[in-house]
2 protein chains.
Amino acid sequence: MPDFIYNNKVYYNPVEFAMDRIGGTWKMPILWRLKERVFRFGELKKDIPHITDKMLTSQLRQLEADGFIHRKVYAIVPPKVEYSITDKGRTAIPIIETIRNYGLELMEGEGIKSK
Amino acid sequence: MPDFIYNNKVYYNPVEFAMDRIGGTWKMPILWRLKERVFRFGELKKDIPHITDKMLTSQLRQLEADGFIHRKVYAIVPPKVEYSITDKGRTAIPIIETIRNYGLELMEGEGIKSK
DNA sequence: TTGGATACTTTCCTAAAAGTTAGTACCATT
DNA sequence: AATGGTACTAACTTTTAGGAAAGTATCCAA
């Protein structure tokens with residue numbers, strides 16, 4: 001598997017490519033919530049501990065640009081914006097679940113109990 | 001899922017915990033190779049494009065500390081060190097495969113053909 | 001006219017990850 | 001006496017992710 005370039009960025013392998021789309025601290029927590037229902041900006045912010053306005057905005061923008069979520073703006077005041085997961089976004093859910101379960105497995109192996 | 005602390009580091013969720021063990025640019029490429037056979041330091045270095053001595057050393061050390069690989073030193077000159085995957089390390093392989101396949105799937109969706 | 005609500009944007013800053021370059025120990029071979 | 005091979009280690013710099021704090025636009029209600 002040689003290197004390849006996409007949007008001016010060099011990737012060494014498919015794992016890097018995947019993690020560039022759904023990795024980082026916030027993308028999976030966001031997708032994980034949107035799999036259940038539509039969320040507004042403020043709802044996501046309340047529901048995801050520690051996330052800042054800036055990170056929420058930037059991660060939503062990237063997920064949208066990559067086609068994982070959809071952004072619907074209502075032209076009212078105060079503004080209302082709804083975020084929903086797309087079909088493409090849904091393909092990430094089983095992956096997240098796999099990683100999440102693996103994390104739980106590792107945690108159990110270390111005797112970490114959180115909930 | 002609340003926050004938890006392990007080794008003085010705060011984790012927000014199990015995904016973060018998993019990615020802290022096997023994530024980053026180099027750990028999966030290393031484990032991916034060790035799943036087939038034992039490698040010496042120099043062999044890994046030749047086989048993994050772009051990796052530097054420093055990154056290879058530090059990632060091997062972390063994987064060893066976390067119990068994913070085993071390090072066997074031969075007391076000869078010039079030095080010989082062999083790295084092998086452990087049972088725990090093997091549990092990461094299906095995860096890597098899942099992410100890797102997902103990456104390939106996404107790449108195909110974008111019309112990226114690499115090999 | 002002040003404040004609240006919503007969904008941001010902008011600027012500045014810090015910490016962690018990763019990269020660059022150079023050097024080391026050891027002995028065997030030439 | 002110099003060279004080469006192996007597996008590092010150290011010092012330093014760059015890059016990136018993420019965080020903090022403040023500012024913006026709009027309209028309405030008090």
Side-chain angles (χ1 to χ4, degrees), chain A residues 3 7-13 15-17 19-30 33-34 38-66 69-84, chain B residues 3 6-13 15-17 19-30 34 38-66 69-84:
Chain A
D3 303 350
N7 282 154
N8 287 320
K9 191 179 181 311
V10 181
Y11 296 91
Y12 294 162
N13 52 60
V15 170
E16 268 193 3
F17 188 81
M19 284 303 123
D20 222 40
R21 317 286 126 187
I22 63 168
T25 310
W26 304 113
K27 284 177 179 174
M28 295 197 203
I30 291 170
R33 278 158 184 86
L34 294 185
V38 167
F39 275 75
R40 299 183 58 181
F41 185 91
E43 290 179 316
L44 280 171
K45 175 131 200 266
K46 258 177 214 139
D47 213 56
I48 303 177
H50 310 295
I51 198 168
T52 61
D53 284 7
K54 177 195 160 185
M55 289 315 292
L56 183 51
T57 304
S58 79
Q59 302 305 295
L60 287 170
R61 288 284 182 287
Q62 287 181 41
L63 286 169
E64 191 197 1
D66 291 333
I69 65 173
H70 176 73
R71 179 167 183 269
K72 185 173 181 184
V73 184
Y74 293 84
I76 57 171
V77 169
K80 172 177 172 179
V81 184
E82 281 182 351
Y83 294 94
S84 53
Chain B
D3 303 350
Y6 184 71
N7 282 156
N8 287 319
K9 191 178 181 310
V10 181
Y11 296 92
Y12 294 162
N13 52 59
V15 170
E16 269 193 2
F17 188 81
M19 284 305 122
D20 223 39
R21 318 286 127 185
I22 62 167
T25 310
W26 303 113
K27 283 177 179 173
M28 294 197 203
I30 292 170
L34 293 186
V38 167
F39 275 76
R40 299 184 57 180
F41 185 91
E43 291 179 315
L44 281 172
K45 176 132 199 268
K46 259 178 213 137
D47 212 55
I48 303 177
H50 310 295
I51 199 169
T52 60
D53 284 10
K54 179 199 157 184
M55 289 316 291
L56 183 51
T57 304
S58 78
Q59 302 305 295
L60 286 170
R61 288 286 182 285
Q62 287 182 40
L63 286 169
E64 191 196 2
D66 291 331
I69 65 172
H70 176 73
R71 179 165 182 271
K72 185 173 180 184
V73 184
Y74 294 83
I76 57 170
V77 168
K80 173 176 172 179
V81 184
E82 279 181 351
Y83 294 94
S84 54

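In the text below, chain A, chain B and the rest are named by the order of the sequence lines, each starting its count at 1. Computed from heavy atoms alone, side chains included, the values below leave out hydrogens, waters and symmetry copies.
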Set of side-chain contact (heavy atoms from CB on, under 4.5 Å) partners for A:Ser58, sequence neighbours left out | A:Met55
Review item, side-chain donor-acceptor pairs of residues 76-84 of chain A, under 3.5 Å, at least two apart:
residue, atom, partner, partner atom, Å
A:Glu82, OE1, A:Tyr74, OH, 3.0
A:Tyr83, OH, A:Arg71, NE, 3.2

Sorted by chain and residue number, the ring-ring contact (aromatic ring centres under 6.0 Å, His included) partners of B:Phe39 (sequence neighbours excluded) come out as none
With a cut-off of 3.5 Å and sequence neighbours excluded, list every side-chain donor-acceptor pair involving residues 19-28 of chain B.
residue, atom, partner, partner atom, Å
B:Asp20, OD2, B:Tyr11, OH, 2.7
B:Arg21, NE, B:Phe17, O, 3.4
B:Arg21, NH2, B:Tyr11, OH, 2.6
B:Lys27, NZ, B:Asp20, O, 3.2
B:Lys27, NZ, B:Arg21, O, 3.3
B:Lys27, NZ, B:Gln62, OE1, 2.9

Can you list the residues that meet the side chain to side chain donor-acceptor pair (under 3.5 Å) rule with A:Arg33, with sequence neighbours excluded?
-> A:Asp47
Heavy-atom contact window of chain A on DNA chain C, given 5' to 3' at under 4.0 Å = C:dA5 to C:dT11
Which pairs count as salt bridge (Lys or Arg N to Asp or Glu O under 4.0 Å) when at least one residue sits in residues 49-62 of chain B, sequence neighbours excluded?
-> B:Lys45-B:Asp53
Please give the angle, rounded to 10 degrees, between the axes at the start and the end of the helix from C:dT1-D:dA30 to C:dT30-D:dA1, where five pairs define each axis.
-> 40°
Any sub-3.5 Å donor-acceptor pair from A:Glu64's side-chain atoms to A:Leu60's backbone N or O?
-> no
Judged by atom type as modelled, is there a donor-acceptor pair below 3.5 Å linking the side chain of A:Asn13 to the main-chain atoms of A:Val15?
-> yes
Applying salt bridge (charged side-chain N to carboxylate O under 4.0 Å, His left out) to B:Glu43 and not counting sequence neighbours gives B:Arg37
With B:His70, which residues qualify under ring-ring contact (aromatic ring centres under 6.0 Å, His included), at least two apart?
-> none
Letter per nucleotide, 5' to 3', of nucleotides 5-21 of chain D [B base touched, S only sugar-phosphate touched, - untouched; heavy atoms, 4.0 Å] | BBSBB-B------BBB-
